[in-house]
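Each chain gets a letter, A, B and so on, in the order its sequence line appears, and its residues count up from 1. Below, all heavy atoms of this structure are taken into account, side chains as well, without hydrogens, waters or symmetry copies.
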Amino acid sequence: MQYNFNEIEAKWQKYWAENQTFKAENTSSKPKFYVLDMFPYPSGAGLHVGHPLGYIASDIYARYKRHKGFNVMHPQGYDSFGLPAEQYAIQTGQHPAVTTAKNIQTYRRQLDQIGFSFDWSREVRTSDPSYYKWTQWIFIQLFNSWYNKDSDKAEAIDTLIERFSTGGNAKVNAVCDADIFKFSASDWKGFSSKEQQEILLKYRLTYLAKTEVNWCPALGTVLANDEIINGVSERGGHPVVRKKMTQWSMRISAYAQRLLDGLNKIDWPQPLKDAQSNWIGRSQGASVVFYTNDKAKHPIEVFTTRPDTIFGVSFMTLAPEHDLVGKITTQEQKSAVEAYIKATAKRSERDRMADVKTISGVFTGAYAVHPFTKKPIPIWIGDYVLAGYGTGAVMSVPCGDQRDFDFAKHFNIAIPNIFEGVDISEKAFTDKEKTIITNSDFLNGLKYKKAVKLAIYELEKRGLGEGKINYRLRDAVFSRQRYWGEPFPVYYADGMPQMIAPEHLPIKLPKVEKYLPTETGEPPLGNASVWAWCTEKNEVVPNSEINHTSIFPLELNTMPGWAGSSQYFNRYMDPHNDDEIFAKDAINYWQDVDLYIGGSEHATGHLLYSRFWQKFMFDKGFLPKDEFAKKLINQGMITGTSAFIYREEETGKVFSRGLIKDKKVTPIHADVSLVNASDELDIEGFKKWQPDYEDVEFVLENGKYIVGREVEKMSKSKYNVVNPDDIVKEYGADSLRLYEMFLGPLEQSKPWNTAGITGVHGFLKKLWKLYFSEGKLKITADDPSKESLKTLHKTIKKVEEDIQSFSFNTSVSTFMICVNELTAQKCSSRSILEPLAILVSPYAPHIAEELWQKMGYTDSISTVPFPIFEPKYLLESSKEYPISFNGKMKFTMELSLDLSKEEIETAVMAHEKTQAQLAGRTPKKVIVVPGKIVNIVG
RNA sequence: GCCGAAGUGGUGGAAUUGGUAGACACGAUGGAUUCAAAAUCCAUUGCUCACAAGGCGUGCGGGUUCGAUUCCCGCCUUCGGUACCA
């Protein structure tokens, strides 16, 4: 019987599907375990070998946990809203729903043939109305909530309205817009309904606000910073302007501190935690108000982390976009300031931030008054200050901040020294711990901490500032001018947004003729002719019926990509529930994700927004946990190994890799499928693939054409994409699974090279041969040998340790060693080979199932208990001691482990090789570490 | 600039707490089998040296230690992220 992997794999995939082997129940006597993958975006290109890496790792873990007696939920779905499908629709006119469904089919086929233990009965698709109904529902929940700083959680908006009508907003301690004004209960009652709605919008957790965006008129859309290159759009090269637009925002800033604190209780990679905490960017300090010294006395609020250095302020710097710049600039400085603003506007935010070497700025001609000394402080503008951060203005202390120092030096501004015993002629002094303040009135002689405290106290006493904690984290813009996204459950009456009642959800995407923005610059939904809300019939009706009394226009924006992915992990717990987002029973049973595997590129997007929604849902009592994933692992990227041929510029001849020295050659990508394991090119195949090379001479070395190799990102244009379908066909899914794990550590990025797969494929064949010989099962009931037991238990121990530490590459090696040893031992004992099949099962499930069945079992191997490691089989009585001289190992010596230090030393010194090494010298010292090493010094 | 990760044979990588550097594979070389090929099996394979002995070897330069891929200090390079965050 041959190892016919194609047949075996198809058979077991069918078996698992028919028997619903991996369907997880929402109740069980077993403990629960939830293993989650980041669900894929189903792109038109299908999967390449890099995609399944994380899925294979999580599948091994899920399968292992089933063997360990857990009720495992391992779901999969699709993040199926997104830009590529929309782009494709614009180009071809095909509805994104159609192309998306087709892509999902391809993905499913590709995933199925790798043998994942997914519970497909729980599949979700974010673009499915039965799913996005609940995305819309959460949006309504957020709209109907405000953040109470006193209780430190989200509360129903009704409780806020109640407070307003009984006591106004004076005692409300909420996270809200900065421009809120004070009102009393009677004021509130006197406001019109529209005025009340406007005020409430400033408190809601999702709200409409004017936000500055990168607007590209030609594309009719907002662009991200990295979609803009040199001031024009990456796509098409159209001009981009900064523009204020009314958009939906999420008040994630309300959760800044809790998002930071929560990081301490989850087991996520430290680099990822660092990325999130840097993104949240908490800094403690003070806000200080400076007033301009003209008649208008404009207040300029700044935030500083160093209020102790306030007497060192010698100028202020505003962002060029700061509102005050136009108002305070003097006549003489006007043209210079305007020119500078114009120059700044052309630079992208990215450019401004990356360039640290160029110092630029302009004096506005205006002065502010120092809050304590009352001296005039010149006000400058500079593009190192960003409008979007803090207040867009800084108090500049050149002696204590290097950037301020450089700015002052460059523009010849005074640099007063307020640090005792410190030379600041060359650079600023930034060591807080060694700071002693001087030349600072009431702060003189104080150390950093005390000076900060006192400075804040004095500022507060004078009403010129207060202690403050500042976060970099900004509210998240939630509107997109796109078609293929969730529609908002929102219509507009009298210009104010109104929520559609949850019982009428979902609000389905309307049909449109064109997926582009309208000619008037409205989002694509502006093309829909049936896109109005009837408050009487409670349904979507034609726009022509809009009367603004009972029928109103609907929101034209759609939600961003991260909307659908921010609660999908909870929806998996109860995916078909049409009455609730998930039943209480389901969420109380599954609680949270035990293991989440995905890429680190989502660190400050998906993974931060999901934590935000989770905390919000927790506040509202929908969830038992305020963190959704206990443990997270980042899998690394699989890069491609590109192949190159070398064409000589002059002659046009193509030279083999070894012949290109001293020649001027151009490397040209060759398709990696035309290259074998020895880097040898299939020239005929290449000429067939690139007919231009039909008549080109290929100059060979030793009769072969050897290509050059380079590691690059896997991409179509580099011809280095490897499709898992081909691998599965040629070597089988089990080989693919093992090889992806064997490539290297899960977290590390590593290059793919198909050549090496013959190693793991050969291993599977050897494994098979342990069980079969000449087509017949050769398992015996014989007692196993001592060596075989040792091999088995060594393997159990190592593999189990490896799974727990996600070191899957080393366990594949361990399997190879195990099979090599058992083969050498001619082991055919059932008591060894049965547990071996179980050990291998999480990694190579198809062959394991087949072996299990051939050994006489009728049920799937998937829940058979994992073998138990027994240390007694590994006990050793002696050890091969390395004997080293001055730290260098020279020879080894077999010695009993019972020997004492002294006995070991005596035995080693008596050895003839020791005497030979010493050549008559007397050692200075002999280090004996029993069970480890002997080192002779001297 | 800042933050993070990483530099080990021809290649992917191993060495879990400071204790035999290069496990396991790929590739290469030689051999067996075969009409031949595929497949399979055996041997060798860090560099240096004709062999042996020896010497050199984990990005570079120092240090700690009986002993360093592992710890410390100072650099260099590559990759990923980014926010001049006051």
If you look at every heavy atom in A:P320 and A:Y340, which pair is closest and at what distance?
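Nearest heavy atoms, A:P320 then A:Y340: CG-CE2, 3.9 Å.
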Taking the [atom1] atom in each of [N] and [M], what is the distance between them to the nearest angstrom?
N	M	atom1	answer
B:G59	B:U77	P	16 Å
B:C42	B:A25	P	11 Å
B:U70	B:U20	C1'	15 Å
B:A21	B:U34	C1'	41 Å
B:G57	B:G9	P	14 Å
B:G62	B:G46	P	28 Å
B:C72	B:G80	P	27 Å
B:C73	B:G22	P	29 Å

Look at [X] and [N] and indicate whether a side-chain polar atom (N or O) is within less than 4.0 Å of OP1 or OP2.
X	N	answer
A:N820	B:A25	yes
A:R403	B:C85	yes
A:S283	B:A86	yes

Can you name the side-chain hydrogen bond (donor to acceptor under 3.5 Å, both in side chains) partners of [X], sequence neighbours left out?
X	answer
A:Y881	none
A:D682	none
A:H793	none
A:K790	A:E876

Looking at A:K901 and A:E905, is any side-chain nitrogen of the basic one under 4.0 Å from a carboxylate oxygen of the acidic one?
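Salt bridge between A:E905 and A:K901, a charged N being under 4.0 Å from a carboxylate O: no.
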Minimum-distance nucleotide to [X] side chain [options: [options]]:
X	options	value
A:T810	B:A39, B:A14, B:U16	B:A14
A:E801	B:C24, B:U16, B:G19	B:U16
A:P271	B:A5, B:U20, B:A86	B:A5

Could you work out, with side chain to side chain contact (heavy atoms under 4.5 Å, CB included) as the rule, every residue matching A:K888, not counting sequence neighbours?
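In terms of side chain to side chain contact (heavy atoms under 4.5 Å, CB included), with neighbours along the sequence ignored, A:K888 is linked to A:K890.
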Residues which pass salt bridge (Lys or Arg N to Asp or Glu O under 4.0 Å) with [X], listed by chain and number, not counting sequence neighbours:
X	value
A:D679	A:R657, A:R709
A:K750	none
A:E800	A:K68

With RNA chain B as reference, determine whether A:K766 or A:P882 sits nearer its 5' end, using the nearest nucleotide of each.
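Comparing both residues, the 5'-ward one is A:P882.
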RNA chain B: stems of at least 3 consecutive Watson-Crick or G-U pairs, cut-off 3.5 Å?
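Result, WC/G-U stems under 3.5 Å: B:1-7 with B:76-82, B:10-12 with B:24-26, B:27-32 with B:40-45, B:46-48 with B:54-56, B:59-63 with B:71-75.
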Quick one: does [X]'s side chain get under 4.5 Å of [Y]'s, heavy atoms only?
X	Y	result
A:Y843	A:I803	yes
A:I727	A:V722	yes
A:L792	A:I796	yes

A:K924 near the nucleic acid: base, sugar-phosphate alone, or nothing, with a heavy-atom cut-off under 4.0 Å?
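Contact class for A:K924: none.
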Over how many whole Å does the gap from [X] atom [atom1] to [N] atom [atom2] extend?
X	N	atom1	atom2	value
A:I803	B:U16	CD1	C1'	16 Å
A:M395	B:A86	CE	C1'	9 Å
A:Y3	B:U40	OH	P	13 Å

Tell me if the side-chain of A:K798 makes a donor-acceptor pair with the base of B:U16, cut-off 3.5 Å, by modelled atom types.
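Counting by modelled atom types and ignoring angles, a donor-acceptor contact under 3.5 Å is found here.
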Aromatic ring pairing A:F742/A:Y739, orientation class (parallel under 30°, perpendicular over 60°, tilted between)
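Tilted.
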Going 5' to 3' through nucleotides 26-33 of chain B and flagging B where a protein heavy-atom sits under 4.0 Å of the base, S where only the sugar-phosphate is that close, and - otherwise, we get SSS-----
Protein-proximity profile, nucleotides 56-71 of chain B, B/S/- by nucleotide at the 4.0 Å heavy-atom cutoff, equals ----------BS----
Got a list of protein N/O to nucleotides 10-13 of chain B N/O distances below 3.5 Å?
unit_1 : atom_1 : unit_2 : atom_2 : d
B:G12  : O2'    : A:L743 : O      : 2.6
B:G13  : OP1    : A:Q748 : NE2    : 3.1

Are A:F411 and A:F315 near enough that their ring centres are under 6.0 Å apart?
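Distance test on ring centres: not under 6.0 Å, no.
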By the rule that syn is within 90° of 0, classify the base conformation of B:G54 as syn or anti.
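Anti, angle beyond 90° from zero.
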